[in-house]
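To start, the structure under review is shown below, and the notes come after it.
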Amino acid sequence: MAKSKSTKPATASIGRLRLGLCCQFLEEPIKFRTTTATAMERLPRREQLARFAELGASNADALLAALQYCSDHGIGSFRILTPILPAKTHPTVGYRVAELPGADDLVAKFQRCGEFARQHNLRTGFHPDQFVVLNSPDAEIVARAVADLESQAEIAEWTNADTINIHGGGGYGDKAAALERFRRNLDRLSARTRARLTVENDDKTFTPAELLPLCLREGIPLVYDVHHHRCLPDGWSVAQASEAARSTWKQREPLFHLSSPVNGWSGPKPESHHDYINCIDFPQEWRTLAITVEVEAKAKELAVARLQRDLQGGL
């Protein structure tokens with residue numbers, strides 16, 4: 001098995017900026033496959049494992065095609081979808097990769113993706129689902145979150161992914177106590193998971209200002225989501241929040257998130273994402289920075305391409 005290596009940031013395609021595509025494609029014929037636990041529970045265990053191996057191999061091929069697309073189109077980063085190995089940590093049908101038929105070949109496929117990313121200076125990372133919560137007062141929820149993060153870290157080693165990004169979690173009526181639980185539960189993570197863990201401000205509970213002390217104390221990089229910050233302000237300007245977040249990354253390239261509201265800032269549900277990015281939502285403060293900006297827009301590769309054109313045109 002190949003040794004894990006760190007990702008060295010590339011020269012971005014727009015100045016020093018790197019744009020990132022998130023998980024899926026809208027029009028490109030690159031598809032990731034999944035299944036449900038309900039469907040798999042109907043099968044004998046041997047058939048389950050064979051099916052999981054087949055889906056995993058197909059998704060590894062799709063990931064390599066996705067990375068090739070990014071390389072060909074000046075996209076500097078790709079967020080790997082969480083269930084790239086479907087149901088891996090599910091309580092009834094979950095599995096260890098070593099159990100799968102052809103496990104060594106499957107791991108080699110993902111390692112080839114990691115090597116391609118290294119060779120082409122592409123950044124990869126993960127953003128586990130919102131139910132992955134480290135600060136829950138429910139011990140079972142925390143245990144499942146730890147298992148999911150450890151699973152992502154295993155795949156991250158193969159794919160050269162340098163971030164596993166989660167939200168701060170719930171406030172549970174006492175945000176200070178909730179963040180203290182988050183801090184304590186960090187000790188349950190392995191070194192390879194902790195080294196990749198990042199935390200992001202959200203649009204309901206934790207702002208950049210509230211997360212920064214935790215990030216500085218524990219050495220966790222802060223992923224600044226400017227859309228969330230605009231929905232849940234804390235008195236900091238975008239410039240202040242951006243600089244505070246950058247300070248948590250030390251020598252690593254910061255990772256930020258960008259999206260636009262589907263109905264505009266004065267419309268209903270401004271937290272909902274648009275198909276594309278309105279260029280006025282791209283902070284002027286970011287344009288000269290060496291950062292990765294993941295584009296969270298429903299039009300996927302089309303949204304990234306449009307934003308590239310807008311930024312290159314000086315809009």
Side-chain angles (χ1 to χ4, degrees), residues 5-25 28 30 63-81 113-127 156 159-165 196 198-201 221-229 238-239 241-260 273 276-279 281-297 299-315:
K5 298 179 183 178
S6 62
T7 298
K8 183 178 180 181
T11 301
S13 58
I14 303 168
R16 298 192 297 165
L17 177 70
R18 186 202 299 261
L19 295 182
L21 174 62
C22 295
C23 303
Q24 303 278 4
F25 292 82
E28 285 297 309
I30 300 172
L63 177 58
L64 187 59
L67 295 173
Q68 182 69 65
Y69 178 92
C70 290
S71 178
D72 292 344
H73 291 82
I75 299 172
S77 176
F78 186 74
R79 181 192 296 175
I80 302 171
L81 75 166
C113 294
E115 186 58 33
F116 184 94
R118 276 188 287 271
Q119 291 174 354
H120 293 82
N121 261 332
L122 295 171
R123 191 176 194 181
T124 58
F126 289 88
H127 192 359
T159 57
N160 199 41
D162 77 320
T163 56
I164 301 173
N165 181 50
R196 292 173 169 86
T198 63
V199 64
E200 173 191 348
N201 62 294
L222 174 59
V223 173
Y224 176 45
D225 188 308
V226 67
H227 188 154
H228 289 167
H229 191 209
V238 170
S242 297
E243 188 54 38
R246 287 178 66 211
S247 73
T248 66
W249 288 85
K250 299 181 180 179
Q251 301 304 312
R252 297 171 63 191
E253 181 175 302
L255 172 64
F256 290 176
H257 288 176
L258 175 70
S259 45
S260 289
H273 292 182
Y276 291 90
I277 301 298
N278 186 332
C279 211
D281 291 329
F282 195 101
Q284 289 292 332
E285 297 87 352
W286 292 4
R287 295 191 182 221
T288 59
L289 300 180
I291 58 176
T292 300
V293 178
E294 288 188 336
V295 179
E296 296 188 324
K300 298 299 182 181
E301 77 276 17
L302 304 185
V304 176
R306 179 181 292 185
L307 182 58
Q308 285 174 321
R309 293 192 298 269
D310 288 345
L311 293 174
Q312 288 166 344
L315 295 180

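Scope of the values below: all heavy atoms of this structure, side chains included, with no hydrogens, waters or symmetry mates.
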_Between Asn160 and Thr124, does the side-chain hydrogen bond (donor to acceptor under 3.5 Å, both in side chains) criterion hold? Intermediate values first, please._
CA-CA 7 Å; Asn160 199 41; Thr124 58; 5.6 Å; no
_Where Val295 and Ala303 come nearest, the two heavy atoms and their spacing_ = CG1-CB, 4.4 Å
*Look up atom CZ in Arg252 and atom OG1 in Thr163, then write down how far apart they are to the nearest 0.5 Å.*
7.0 Å
*Report yes if the distance between the aromatic ring centroids of His273 and His227 is under 6.0 Å, otherwise no.*
yes
*Parallel, tilted or perpendicular: which fits the ring planes of Phe282 and Trp286, with parallel below 30° and perpendicular above 60°?*
perpendicular
*Partner residues of Ser71 under the side-chain hydrogen bond (donor to acceptor under 3.5 Å, both in side chains) criterion, sequence neighbours left out*: none
*asked:* To the nearest 0.5 Å, what is the distance between CD1 on Ile277 and CG on Leu258?
replied: 4.0 Å
*asked:* If I take atom CG from residue Leu289 and atom CD from residue Glu285, how far apart are they, to the nearest 0.5 angstrom?
replied: 8.5 Å
*Rounded to the nearest 0.5 Å, how far apart are CZ of Arg287 and CZ of Arg16?*
15.0 Å
*Taking the side chain as every heavy atom from C-beta outward, state whether Cys70 and Leu21 have any pair of such atoms under 4.5 Å apart.*
yes
_Within this structure, what is the CG-CZ distance for the pair Leu302 and Phe25, rounded to the nearest 0.5 Å?_
10.5 Å
*Just by modelled atom types, is the Leu222 backbone N or O under 3.5 Å from a matching donor or acceptor in the Thr248 side chain?*
yes
*Taking all non-hydrogen atoms of both residues into account, name the closest pair between Ala161 and Arg196 and its distance.*
O-NE, 2.8 Å
*With Tyr224, which residues qualify under ring pair (Phe, Tyr, Trp, His ring centres under 6.0 Å), at least two apart?*
His229, Phe256
_Test salt bridge (charged side-chain N to carboxylate O under 4.0 Å, His left out) applied to Arg123 and Glu294, step by step_ = CA-CA 11 Å; Arg123 191 176 194 181; Glu294 288 188 336; over 6 Å; no
*Do Gln308 and Leu19 have side chains that get closer than 4.5 Å, going by heavy atoms?*
yes
*How about Glu200 and His257: does a side-chain donor come under 3.5 Å of a side-chain acceptor?*
yes
*Pro254 and Arg246: which non-hydrogen atoms are nearest, and at how many Å?*
CG-CG, 4.0 Å
_With a 3.5 Å distance limit and no angle check, can you tell me whether Arg79 reaches the backbone of Cys23 through a side-chain donor-acceptor pair?_
no
*Say you draw a straight line from CG of Leu122 to SG of Cys113; how long is it, rounded to the nearest 0.5 Å?*
11.0 Å
*Under the 3.5 angstrom rule, does the side chain of Asn201 hit a backbone N or O of Asp225 as a donor-acceptor pair?*
yes
*Report yes or no: do Arg18 and Thr292 form a side-chain donor-acceptor pair below 3.5 Å?*
yes
*Grab the two heavy atoms, one from Ala299 and one from Tyr276, that are nearest each other, plus how far apart they are.*
CB-CZ, 3.6 Å
*Is a donor on one side and an acceptor on the other found under 3.5 Å between the side chain of Glu301 and the backbone of Glu28?*
yes
